[in-house]
**Q** 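Got a structure here, written out as structure tokens. Questions coming.
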Amino acid sequence: MTAKQKIRDVIKKALADTPYPEKLKEEILVLPAAREEFGDFYTNFAFKMVDSQNPSPQTAALYLKEKILSSAPDFIEKVEVKNGFVNFFLKRGVYLRMLSEISSGKSEIVNPFPAMGKKVLIEFVSSNPTGPLTVAHGRQAAFGESLARILKHAGFEVTKEYYLNDGGRQIKLLGESLRARYFRLKGEECAIPDEGYEGEYLIDIAKEVKDENISFGKFAADYIMAGIKKDLAEFNVNFDRWVKESDFLTGGMVEELLKILEGRGLVYSSEGATWFKSSAYGDEKDRVVIKSDGSYTYLAPDMAYHRDKIDRGYDMLVNIVGPDHHGYIPRIKAIVESFGFNPERLKFIIVQLTTLYRGKEKLSMSTRKGQFVSLRQLMDEVGPDASKFFFIFRKAESHLDFDLELAKKKSVENPVYYLQYAYVRMKHILKFAGENGIDVMNLNPDMALLKEPEELSIARKLAFFPDTVESVVNTFGVHLLAEYLLELAKIFHSYYHKHRVVTENRELTAARIVLVSALLQVFSKALELLNISLPDEM
RNA sequence: GCGCCUGUAGCUCAAGGGAUAGAGCAUCUGCCUUCUAAGCAGAGGGUUGCCCGUUCGAAUCGGGCCAGGCGUACCA
């Protein structure tokens with residue numbers, strides 16, 4: 001049980017023994033204290049207790065404090081009441097013990113949370129195989145992968161899926177565009193269709209075409225998809241399943257679905273087309289599923305896909321999409337609701353666009369015209385780790401300014417290097433200690449020798465790691481973990497400058513080695529969750 | 001017009017309705033015979049776009065404005 005859970009229990013016990021047992025129904029919030037003067041954890045519960053007995057939060061807090069202290073919890077050093085907040089100060093020994101546990105790999109601080117039997121499906125990237133992944137997809141990929149890792153760490157059973165649109169009009173246009181490029185290469189006049197793809201990547205693909213009787217659409221899509229998979233693999237973003245739109249079409253699932261919906265009066269014909277009555281579930285208007293030319297819209301197979309997701313029994317569905325899809329959300333919510341799935345359990349995360357800068361210069365992009373920076377180019381220029389870090393250290397719903405020059409810089413301005421430098425320093429200390437005859441793996445020092453305030457600050461910060469993970473789970477704010485890590489790096493760098501770890505004092509050295517290796521455990525785990533690798537040397 | 005996102009220090013951004021709104025960069029001042037100075041210590045910098053409201057308490061929630069971005073297809 002973590003210190004925080006223990007505190008919550010102590011508060012519950014205190015309340016059970018008071019005239020306010022009904023207050024227990026409310027959630028008791030225990031959070032890491034923002035400043036060390038406010039202790040280690042605090043609760044704002046006194047604010048909820050204000051009534052005739054407790055006319056002010058302050059009196060309620062004092063009352064709570066008395067009750068808590070009378071139960072004499074052994075891990076609490078003191079409890080302070082300030083401005084109605086109840087602040088808990090933990091005993092130093094709690095932290096010292098925690099450091100030993102973390103460094104030996106036995107601590108619940110770094111280990112995954114217990115499995116809770118909740119299944120979550122995350123669908124992300126889902127880019128069409130009509131062109132290479134762009135920087136926008138890269139951001140979605142980095143965010144989705146990291147969110148998946150964090151949810152898994154927090155005890156969810158996570159499945160990652162990529163839905164690919166390999167049929168329909170866009171693929172047809174893609175095929176015609178490739179065909180045009182192919183014949184142009186042979187010196188023949190051939191126009192790219194009006195809404196076709198003008199990107200130069202099709203020229204490269206056209207060079208690979210050996211036989212002009214092939215299906216150009218399929219050839220291009222397969223070729224591009226192979227590239228997408230390669231890019232994602234290099235980005236270390238991996239999917240459990242690749243779901244093809246065409247499977248829902250050829251498998252008859254779309255037809256079946258529409259029949260069911262028709263039977264329920266949710267699908268009808270009008271103006272030569274077939275419509276889904278999404279307005280019955282809050283969409284602003286109904287949506288076409290079969291066009292008047294008889295072909296399906298993108299929505300029809302996607303509806304079948306979502307029905308399939310529901311059938312597979314997930315507790316939560318997460319769809320990570322770009323801002324261009326936000327108008328699409330109500331209709332997907334409508335289809336899941338029509339199948340009795342609470343739309344609240346379908347979360348859409350809109351990852352906003354990224355604007356690339358080269359120093360002050362803004363890089364303009366237009367996908368249709370083929371003027372864009374691909375994820376591939378970005379990785380080649382700044383590297384996968386720097387790319388990923390910049391993508392996730394801002395909130396998903398914020399527009400992101402990404403400065404290529406900054407991402408490449410090997411200096412303080414670049415947070416990626418700041419983290420890497422901290423990591424390398426930790427590794428190097430352990431290596432140096434080993435070279436000086438200290439058996440780093442087998443230490444059992446007296447941790448009470450750690451008396452510096454900075455040492456306690458580090459331990460305190462490490463104790464907050466599970467809370468940070470919890471915050472990410474509650475808000476889907478992956479950036480919170482990146483910020484946590486930067487703060488951790490900062491207090492470590494500061495400690496490093498103020499105090500030497502490896503000294504003549506063998507006992508103190510041993511205790512500090514345990515501290516550093518605990519730090520390294522948390523640091524490594526957090527980086528793994530962010531999907532960022534780190535070098536051993538810099 | 002309608003919908004979504006954004007508006008916080010000079011710049012890029014944090015901050016579950018909580019305490020004195022925080023970081024980094026930039027600017028200024030210091031620090032390398034000692035585990036990598038890709039680092040550290042310190043200083044200045046704010047009417048959280050504006051106006052009302054809800055609340056013990058609002059950057060955060062609601063309403064109304066203003067500004068920027070995106071969307072508003074029988075495209076995906």
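Each chain gets a letter, A, B and so on, in the order its sequence line appears, and its residues count up from 1.
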**Q** If I take atom CD1 in residue Ile429(A) and atom P in nucleotide G39(B), what distance separates them, rounded to the nearest angstrom?
**A** 16 Å
**Q** Taking the six-membered ring of Tyr305(A), is the NZ or CZ of Lys309(A) close enough (under 6.0 Å from the centre) and on axis enough (within 45°)?
**A** yes
**Q** Please report, rounded to the nearest Å, how far the P atom of G16(B) is from the CG atom of Leu29(A).
**A** 11 Å
**Q** Syn or anti: how is C61(B) classified when any glycosidic angle within 90° of 0 counts as syn?
**A** anti
**Q** Could you measure between the two C1' atoms, the one in A76(B) and the one in U60(B), and give it in whole Å?
**A** 35 Å
**Q** Do His306(A) and Glu123(A) come close enough that some side-chain heavy atom pair is under 4.5 Å?
**A** yes
**Q** State whether Tyr328(A) places a side-chain N or O below 4.0 Å from either non-bridging phosphate oxygen (OP1 or OP2) of C70(B).
**A** no
**Q** To the nearest Å, how far apart are Phe492(A) CZ and C35(B) P?
**A** 13 Å
**Q** Please state whether the phosphate of A76(B), meaning OP1 or OP2, lies under 4.0 angstrom from any side-chain nitrogen or oxygen of Ser126(A).
**A** no
**Q** Do other residues, nucleotides or ligands put more than 12 heavy atoms under 6.0 Å from the NZ atom of Lys498(A)?
**A** no
**Q** Looking at every non-hydrogen atom in both residues, tell me the closest pair between Pro129(A) and Ile228(A) and how far apart they are.
**A** CA-CD1, 4.3 Å
**Q** Using the C1' atom on both, measure C75(B) against G68(B) and round to a whole Å.
**A** 26 Å
**Q** Out of A76(B), A38(B), G16(B), which nucleotide sits closest to the side chain of Arg331(A)?
**A** A76(B)
**Q** Select from Phe432(A) and Gly327(A) the residue whose nearest nucleotide in RNA chain B is closer to the 5' end of that strand.
**A** Phe432(A)
**Q** In whole Å, I'd like the distance from the OH atom of Tyr298(A) to the C1' atom of A73(B).
**A** 15 Å
**Q** Taking atom P in both A15(B) and C52(B), compute the distance separating them and give it to the nearest angstrom.
**A** 27 Å
**Q** From the set U72(B), A37(B), U12(B), return the single nucleotide nearest to any side-chain atom of Arg394(A).
**A** U12(B)
**Q** Can a side chain N or O of Lys291(A) be found less than 4.0 Å away from OP1 or OP2 on A73(B)?
**A** no
**Q** If you measure from the P atom in C61(B) to the same atom in G18(B), how many Å do you get, rounded?
**A** 11 Å
**Q** Any donor-acceptor pair under 3.5 Å linking the side chain of Asn128(A) with the backbone of Thr130(A)?
**A** no
**Q** Less than 4.0 angstrom from a charged side-chain N to a carboxylate O is my criterion; do Arg460(A) and Asp40(A) meet it?
**A** yes
**Q** Would you kindly say whether Thr503(A) and Thr509(A) are connected by a side-chain donor-acceptor distance under 3.5 Å?
**A** yes
**Q** State which of G24(B), C74(B), C40(B) makes the closest approach to the side chain of Lys285(A).
**A** C74(B)
**Q** Of the non-hydrogen atoms in Leu378(A) and Val373(A), which two are nearest, and what is the gap between them?
**A** N-CG1, 4.4 Å
**Q** So which protein nitrogen or oxygen atoms get under 3.5 Å of nucleotides 29-34 of chain B's nitrogens or oxygens?
**A**
unit_1	atom_1	unit_2	atom_2	d
U34(B)	O2'	Arg500(A)	NH1	2.5
U34(B)	O2'	Arg500(A)	NH2	3.4

**Q** Between the side chains of Glu80(A) and Lys78(A), is the shortest nitrogen-to-carboxylate-oxygen separation below 4.0 Å, so that they form an ion pair?
**A** yes
**Q** Going by distance alone, is a donor N or O of one side chain under 3.5 Å from an acceptor N or O of the other, for Tyr495(A) and Glu455(A)?
**A** yes
**Q** With a non-hydrogen cut-off below 4.0 angstrom, is Ile290(A) in contact with a base, only sugar-phosphate, or nothing?
**A** nothing
**Q** Show me, range against range, the stems involving RNA chain B, built from at least 3 consecutive Watson-Crick or G-U pairs below 3.5 Å.
**A** B:1-7 with B:66-72, B:10-13 with B:22-25, B:27-31 with B:39-43, B:49-53 with B:61-65
**Q** Give one of base, sugar-phosphate or nothing for Lys498(A), where a contact means two heavy atoms less than 4.0 Å apart.
**A** nothing
**Q** Looking at Ser494(A), I'd like to know whether one of its side-chain N or O atoms comes within less than 4.0 Å of OP1 or OP2 on A41(B).
**A** yes
**Q** Just to be sure I understand the rule, does Glu537(A) reach a base, reach only the sugar-phosphate, or reach nothing, if contact means heavy atoms closer than 4.0 Å?
**A** base
**Q** If only side-chain N and O atoms of Arg169(A) are considered, is one of them under 4.0 Å from the OP1 or OP2 phosphate oxygen of C74(B)?
**A** no
**Q** Using a heavy-atom cut-off of under 4.0 Å over every strand shown, decide if Val289(A) touches base, sugar-phosphate, or nothing.
**A** nothing
**Q** Hey, which of these two, Glu245(A) or Thr475(A), hits RNA chain B nearer its 5' end, going by closest nucleotide?
**A** Thr475(A)
**Q** If you only use heavy atoms from C-beta on, which nucleotide in G69(B), G16(B), C74(B) is closest to the side chain of His399(A)?
**A** G69(B)
**Q** Looking across every strand, which nucleic acid part, if any, lies under 4.0 Å from His479(A) by heavy atom: base, sugar-phosphate, or nothing?
**A** sugar-phosphate
**Q** Under 4.0 Å, heavy atoms only, any strand: does Glu271(A) hit a base, just the sugar-phosphate, or nothing?
**A** base
**Q** Scan Leu456(A), Val514(A), Leu99(A) and name whichever one has a side chain to side chain contact (heavy atoms under 4.5 Å, CB included) with Leu450(A).
**A** Leu99(A)
**Q** Could Arg425(A) and Phe492(A) be counted as a cation-pi pair, given that NZ or CZ must be under 6.0 Å from the ring centre and within 45° of the axis?
**A** no
**Q** Taking protein heavy atoms under 4.0 Å as touching, what does nucleotides 17-22 of chain B look like 5' to 3' if B marks base contact, S marks sugar-phosphate-only contact and - marks none?
**A** -BBB-S
**Q** Would you call Glu381(A)-Arg358(A) a salt bridge at under 4.0 Å N-O?
**A** yes
**Q** With a 4.5 Å heavy-atom cut-off, do Phe276(A) and Asp286(A) have their side chains touching?
**A** no
**Q** How far, in whole Å, is A43(B) from C25(B) if one measures between their P atoms?
**A** 15 Å
**Q** If you look at every strand shown and take non-hydrogen atoms under 4.0 Å, does His326(A) touch a base, only sugar-phosphate, or nothing?
**A** base
**Q** Write down the distance separating the P atoms in U20(B) and U29(B), rounded off to the nearest Å.
**A** 34 Å
**Q** Using the P atom in both, what is the distance from U8(B) to G69(B), to the nearest Å?
**A** 15 Å
**Q** Tell me which nucleotide among A76(B), A14(B), C74(B) gets nearest to the side chain of Trp275(A).
**A** C74(B)
**Q** Can you tell me the distance, in whole Å, between the CD1 atom of Ile332(A) and the P atom of G71(B)?
**A** 19 Å
**Q** Round to a whole Å and report the spacing from CG of Leu419(A) to C1' of A23(B).
**A** 13 Å
**Q** Compare side-chain N and O positions of Lys490(A) against OP1 and OP2 of C40(B) and report whether any pair is under 4.0 Å apart.
**A** no
**Q** Figure out the NZ/C1' separation between Lys395(A) and C13(B), and round it to whole Å.
**A** 9 Å
**Q** Measure the spacing between CG of Leu462(A) and CZ of Phe523(A) and express it to the nearest 0.5 Å.
**A** 10.5 Å
**Q** Once you apply a heavy-atom cut-off of 4.0 Å, does Lys431(A) come out as touching a base, just sugar-phosphate, or nothing?
**A** nothing
**Q** Quote, to the nearest angstrom, the P distance that separates C65(B) from G57(B).
**A** 27 Å
